[in-house]
Amino acid sequence: MNQATSRIADQPPLNNTVIAKFGGTSVADFDAMNRSADVVLSNPDVRVVVLSASAGVTNLLVELAEGRETERRDFLLSEIRRIQTAIIDRLEQPDVIREEIERMLENISTLSEAASLATSTALTDELVSHGEIISTLLFVEILRQRHVSAEWFDVRKIMRTNDRFGRAEPDTQILLELAEQQLLPRLQEALIITQGFIGAEPKGRTTTLGRGGSDYTAALLGEALHASRVDIWTDVPGIYTTDPRLVPGAKRIDRIAFEEAAEMATFGAKVLHPATLLPAVRRGIPVFVGSSKDPSAGGTLVCDTTENPPLFRALALRRKQTLLTLHSLSMLHSQGFLAELFNILARHNISVDLITTSEVSVALTLDTTGSTSSGDSLLTTSLLTELSSLCRVEVEENLALIAIIGNKLSQACGVGKEVFGVLDPFNIRMICYGASSYNLCFLVPGDDANQVVQKLHHNLFEQD
Ligand code: ADP
Ligand code: ASP
Ligand code: MG
């Protein structure tokens, strides 16, 4: 009996379904793909595998979608070809897949020529989706050559979204119905390999869920398939007290509550896409985060509750924040100014992130979570023109938002001293505290961000 047949025979009942998602570095090259395949095969409960594009490919595709002149375009295309053919060349039977990948590379070339004539958000999504299409085709082939019965599944058949290209929102009800009809019956037949990040709007055009959106796809599929767990395999063995690349003394958090992890993701902990935990919370599905490079190192379990939640849990950092300060003397003792302001922002599809007010001015940051696939700025000329007709507008860029994530922060004494006591050399540009008991946020100049995080982490997490 080969591995393909044994895997099906060994399959446990469907209520134990685990969705396993592998990010870009986990499918970066042939060796990484094989390590990820080992992780999948070590757990017979894994029935659906969600993949990102190979590391670097989405960035290259995004640049192509911006429309480049011939020389740059040829370079970007050759980089994508180099990354993907290096995987094909190491397959035992490369010819099975070579033609199909060549077709995809041709598509990319044609679409990027179109983009250099006229860019559009729909075209961008169509172009960038090729990264996930190619990585999944290659991964299926790697599994097949290891005698595993694996099936490539086009997630766009079920991941119905609205047509907000670059940052599309899924319709979870339609997803549920389509997943039950089209995906659930297949889970008994083979291991399903599908794409993260991409979807399709009602007319069938390809959409994307925003950069880093594959985590969100995995959680949405987990919800639709009533999975027992969603595993996010990445390049760090879990969620840490802050980004371990920035602070080597960061410590792994073994168990963390949904709310705390969601706050971390929202405030910039890149390890999870900000929307990932929404479907998980709706269904109470635990999410595991581990490293595909070192699965035996364990990881973090994000779940309903944790014992003795600490006052300070983690630090998150979001760079490139824009602060708008709006001054209007007519705000003094008047009614309706804020309503008018929020109306303008809503008309421009902007959600406000942080806000503080004084008698005659309002300062706010724009919500950049789940940034668009095209990387467009939210601050458009038409928005600024409209705001300027209401009040005087000041724009400050290159600020960094630092969030302290914790529990019952707004009820505790001494938080201010502990946090700001060590930060006297720095300019704290804005502080938000009190609305949520899970966070305390403030803005600092972008160039100071690393130092502030390191200092604060040392003070809050590295002392016994
Ligand atoms: P993937 O491509 O697998 O989705 P990402 O690059 O999106 O991986 O996310 C993993 C990265 O998130 C890590 O390499 C790490 O630098 C960063 N990161 C930021 N904050 C945290 C944190 N609190 N814990 C762990 N990793 C973090
Ligand atoms: N490939 C997409 C990106 O780089 C989605 C993801 O990796 O989650 O943003
Ligand atoms: Mg990611």
Side-chain angles (χ1 to χ4, degrees), residues 20-28 32 35-36 39 50-63 65 80 83 124-125 127-136 155 159 166-168 195-199 207-220 231-254 256 260-276 287 289-294 297 299-300 302 313-319 370-375 402-405 450 453 457 461:
K21 176 260 169 177
F22 294 86
T25 46
S26 304
V27 290
R35 277 195 302 271
S36 297
V39 171
V50 174
L51 300 184
S52 294
S54 301
V57 169
T58 307
N59 286 349
L60 294 163
L61 289 165
V62 167
E63 194 180 336
I80 297 173
I83 295 170
T124 300
D125 281 4
L127 238 175
V128 299
S129 70
H130 284 77
E132 271 68 13
I133 307 273
I134 295 178
S135 66
T136 45
V155 82
M159 187 61 70
R167 204 177 174 182
Q195 306 78 35
F197 181 52
I198 70 174
T207 55
T208 58
L209 308 180
R211 292 306 303 267
S214 298
D215 303 329
Y216 190 24
T217 306
L220 286 163
D231 290 348
I232 305 286
W233 294 100
T234 179
D235 57 359
V236 278
I239 301 179
Y240 281 64
T241 46
T242 195
D243 187 341
R245 286 184 206 288
L246 182 58
V247 180
K251 299 185 174 82
R252 201 210 7 243
I253 304 166
D254 292 336
I256 185 167
E260 297 170 292
E263 293 271 326
M264 287 181 75
T266 304
F267 286 108
K270 193 179 165 226
V271 65
L272 287 180
H273 179 275
T276 312
V287 174
V289 180
S291 165
S292 67
K293 278 187 195 147
D294 189 8
T300 298
V302 189
R313 176 62 97 181
L315 292 180
L317 167 65
R318 247 204 251 146
R319 298 180 198 273
S371 56
T372 64
S373 301
S374 60
I402 292 170
I404 298 166
I405 318 297
N450 289 2
V453 171
H457 189 275
F461 299 98

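Ligands are counted one by one from 1 in listed order, and the atoms in each one are counted from 1 as well.
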**Report entry** Pair Lys270 + Asp243: basic N to acidic O under 4.0 Å
**Finding:** no

Do NZ/NE/NH1/NH2 and the carboxylate oxygens of Asp235 and Arg245 come within less than 4.0 Å?
-> yes

Which ligand 1 atoms are under 4.0 Å away from a heavy-atom of [X]?
{"X": "Ala269", "answer": "20 (N)"}
{"X": "Ile239", "answer": "24 (N)"}
{"X": "Thr242", "answer": "22 (C), 23 (N)"}
{"X": "Met264", "answer": "23 (N)"}

Under 4.0 Å between heavy atoms, the region of Asp243 that gets near ligand 1 turns out to be both

**Q.** Short side-chain donor-acceptor distance under 3.5 Å, Ser214 and His273
**A.** no

**Prompt:** So, Asp125 and Thr207: side-chain donor and acceptor under 3.5 Å apart, yes or no?
**Reply:** no

Margin query: Taking a cutoff of less than 4.0 Å between a non-hydrogen atom of the residue and any ligand atom, is Pro244 in contact with ligand 1?
Written below: yes

To check your reading of the model: name the closest protein heavy atom to [atom], its residue, and the distance in Å.
{"atom": "atom 2 (O) of ligand 1", "result": "Gly24 N, 3.2 Å"}
{"atom": "atom 25 (C) of ligand 1", "result": "Gly238 O, 3.4 Å"}
{"atom": "atom 12 (O) of ligand 1", "result": "Val271 N, 3.4 Å"}
{"atom": "atom 3 (O) of ligand 1", "result": "Thr234 OG1, 2.7 Å"}

Ignoring hydrogens and angles, tell me if any N or O in the side chain of [X] forms a donor-acceptor pair with the backbone of [Y] under 3.5 Å.
{"X": "Arg252", "Y": "Ile239", "answer": "no"}
{"X": "Gln195", "Y": "Val155", "answer": "yes"}
{"X": "Lys251", "Y": "Phe461", "answer": "yes"}
{"X": "Glu132", "Y": "Ala53", "answer": "yes"}
{"X": "Thr217", "Y": "Phe197", "answer": "yes"}
{"X": "Ser54", "Y": "Ser135", "answer": "no"}

Sorted by chain and number, sequence neighbours left out, ring pair (Phe, Tyr, Trp, His ring centres under 6.0 Å) with Tyr240 holds for none

For [atom], which candidate among [options] provides the closest heavy atom?
{"atom": "atom 4 (O) of ligand 1", "options": "Lys21, Lys270, His273", "result": "Lys21"}
{"atom": "atom 13 (C) of ligand 1", "options": "Asp235, Leu315, Asp215", "result": "Asp235"}
{"atom": "atom 22 (C) of ligand 1", "options": "Tyr240, Phe267, Phe22", "result": "Tyr240"}

Heavy-atom contacts under 4.0 Å to ligand 2, chain-then-number order, include exactly Ser52, Ala53, Thr58, Glu132, Phe197, Arg211, Gly212, Gly213, Ser214

The reported gap from OG1 in Thr208 to CD1 in Ile198 (rounded to nearest 0.5 angstrom) is 9.0 Å

